[in-house]
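Each remark here refers to the structure printed beneath this line.
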Amino acid sequence: MTAPRTSKKALVIGGGIAGPVTALALRKAGIEAEVFEAYRTSAEGIGGTFMIAPNGLGALALLGLEAEVGRIGQPVGPMVIEDGKGGVLAEFAGLADLPRGRLMRRAELYEVLQRRLAETGIAIHHGKRLVGVEEGPDGITARFADGSSATGDLLIGADGTGSTVRTLIDPAAPAAQYTGLLGVGGYSSHRLPGRAGRGESVHFANGSRAFFGYWGLADGSGTAWFSNIPQPQQLSPEAARAVGAAEWLRRCRELHAEDLPARDVLRAADPATVEIFPKLEIMPSVPHWYRGRMVLVGDSVHAPSNSSGQGVSLAVESAVELARCLRDLPDHTAAFAAYEALRRPRVEKIAADAARTNSQKASGAVGRMVFRLLAPIAMRIFMSPEKMLRPVHGYRIDWEQRVAPVRVPGTGAGRHGRAA
């Protein structure tokens, strides 16, 4: 579908992943956008590793990014669930008719998006910390901490779990919730045997005292790893860094001293590569996704736990769906309502499923033992790849299909929308 001509201009708050993707999707829909990032510098080289699942790759392909994204990171092979002692509980090979997901550094995707913003002439402004807005009948003005301002027709909050836009939409909106887990990850010179050592499989193990994930690097040079450490009280990034990488690695080695192959991977881990992620957070259900000329996208409104493997993919999907709704429904209130109706049921179902997985990670020794006992039965009876993966990984957005309006709550009709 060719994007109609429009005079709309969107102010996108947040220059991480969701913000640039939203701006690119809006451009495809015929809507101008500028991106405003609170940090004074760009984020090249910053951030850990994540997976973009097949559904996220499909959404990025709609924006013409398939080839560039396909050149970064490494493809995800079968996902192997283990018992922490080297035993396999289950293996999911993915669905044959879907592309393989990709593991990549956040910085790699960030660089791809920054290049595309520059190529398409979409401006990104740094050092623009949003402090307030002023709405009028014809537009909205964003006020920034440095005293500057910008005016557009719409303002889109892609500013993460600590979203300022979310609190401007609803001062009583829930804040992000800490998961009770702290993430530590890095690289090891330990080489795994067989296909795992060639990067052809990804492994997850509920160890005796903490959860461990690992995969071989595609070039065969070693192993990438992470551990989700139970940490009842959330640490600030500054406090977590003050502990020091060597100490975090020592703690991981202690927690996984009885786990295989975690013990061997961590023994050969390089402290210089260790990264700490204290802000493992989830967003509870957000009552109000939009108000007036403001709307939320990505982690600002639906951040599932890292256990879902869907954080980035859902953010990309939502960016594309928001652009479709604004393309097809000239009234922004109608567009926002349709967008929420299309997205809320899906993202909240995935978040709820991931929260259950997270509770297993944070459970004590007894809970982990019960999981190891029951998991093989559940995998055989309830959790086939088709049942588990198809609804999530098989989801595709039809860009050419026109979005129909939904009735806004309070008009006497239901709130779930559809595509015409």
Side-chain angles (χ1 to χ4, degrees), residues 10-23 25-26 33-39 125 128-135 139-145 149-150 152-179 234 236-237 279-306 308 310-312 314-323 325-326 332-333 335-348 350-352 354-355 408-409 415:
L11 311 177
V12 180
I13 308 300
I17 300 298
V21 172
T22 300
L26 291 170
E34 290 185 67
V35 180
F36 299 85
E37 168 55 45
Y39 288 102
H125 309 278
K128 301 296 180 181
R129 185 171 297 279
L130 183 71
V131 294
V133 297
E134 296 174 7
E135 286 195 65
I140 185 168
T141 297
R143 304 290 182 189
F144 301 105
S149 63
D153 299 287
L154 309 167
L155 186 142
I156 299 171
D159 47 346
T161 55
S163 174
T164 297
V165 180
R166 186 173 66 244
T167 61
L168 292 173
I169 288 174
D170 178 11
Q177 294 178 348
Y178 176 50
T179 63
Q234 185 175 18
S236 69
K279 293 190 67 176
L280 298 186
E281 298 175 324
I282 60 174
M283 279 305 304
S285 179
V286 175
H288 304 289
W289 285 36
Y290 62 93
R291 178 178 66 80
R293 294 177 178 271
M294 295 183 289
V295 66
L296 300 168
V297 71
D299 283 355
S300 67
V301 70
H302 57 66
S305 85
N306 60 308
S308 71
Q310 280 287 312
V312 175
L314 291 181
V316 172
E317 284 182 2
S318 287
V320 174
E321 289 285 38
L322 176 60
C325 292
L326 288 167
H332 63 270
T333 301
F336 293 165
Y339 157 69
E340 180 182 355
L342 285 169
R343 297 303 296 159
R344 184 187 283 273
R346 173 169 170 78
V347 301
E348 293 195 348
I350 291 172
V408 179
R415 57 185 299 157

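Along the sequence shown, the residues carry numbers beginning at 1.
- Closest heavy-atom contact between L342 and C325: CD1-SG, 3.8 Å.
- Scanning both residues, P287 and S285, for their nearest heavy atoms gives CD-O, 3.5 Å.
- For the atom pair CG of L168 and CG of L155, the computed distance is 8.0 Å after rounding to the nearest 0.5 Å.
- Of all heavy-atom pairs between V35 and G15, the closest is CG1-CA, 3.8 Å.
- A heavy-atom distance below 4.5 Å is found between the side chains of V312 and V316.
- Checking side-chain atoms of S300 against main-chain N and O of S163 turns up no donor-acceptor pair under 3.5 Å.
- Scanning both residues, A25 and A323, for their nearest heavy atoms gives O-CB, 3.4 Å.
- With a 6.0 Å radius and a threshold of 12 heavy atoms from other residues, nucleotides or ligands, R291 has its CZ atom above the threshold.
- If you take OH on Y178 and CG on L280, they are separated by 7.0 Å, rounding to the nearest 0.5 Å.
- Looking at heavy atoms from C-beta onward, D153 lies out of side-chain contact with H332 at the 4.5 angstrom threshold.
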- prompt: Given R346 and L314, is the side-chain contact (heavy atoms from CB on, under 4.5 Å) satisfied, shown in steps?
  reply: CA-CA 9 Å; R346 173 169 170 78; L314 291 181; 4.1 Å; yes
V297 and W289: CA distance, side-chain angles, deciding distance, side-chain contact (heavy atoms from CB on, under 4.5 Å) verdict: CA-CA 8 Å; V297 71; W289 285 36; over 6 Å; no
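- Of the possible polar contacts, one joining the E135 side chain to the R293 backbone as a donor-acceptor pair under 3.5 Å is found.
- To the nearest 0.5 angstrom, H288 atom NE2 is 10.0 Å from I169 atom CD1.
- A side-chain donor-acceptor contact under 3.5 Å links R166 to the backbone of P174.
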Could you walk me through whether L326 and Y339 pass side-chain contact (heavy atoms from CB on, under 4.5 Å), step by step? CA-CA 9 Å; L326 288 167; Y339 157 69; over 6 Å; no
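- If you take CD on E281 and OG1 on T179, they are separated by 8.0 Å, rounding to the nearest 0.5 Å.
- One finds the OH atom of Y290 at 14.5 Å from the CD1 atom of I156 (value rounded to the nearest 0.5 Å).
- By the 4.5 Å heavy-atom criterion applied to side chains, L154 and L26 are not counted as neighbours.
- At least one side-chain heavy atom of F144 sits under 4.5 Å from a side-chain heavy atom of I13.
- S318 places no side-chain N or O within donor-acceptor distance of the main-chain N or O of A315, the cut-off being under 3.5 Å.
- P304 approaches I282 most closely through the heavy-atom pair C-CG2, 3.7 Å.
- In this structure, R344 and H302 have side chains that are not in contact, with every pair of non-hydrogen atoms separated by 4.5 Å or more.
- No side-chain heavy atom of V347 sits under 4.5 Å from any side-chain heavy atom of E317.
- Side-chain contact between F36 and L11 is present, with heavy atoms from C-beta onward closer than 4.5 Å.
- Interatomic distance, K128 NZ to E37 CD, rounded to the nearest 0.5 Å: 12.5 Å.
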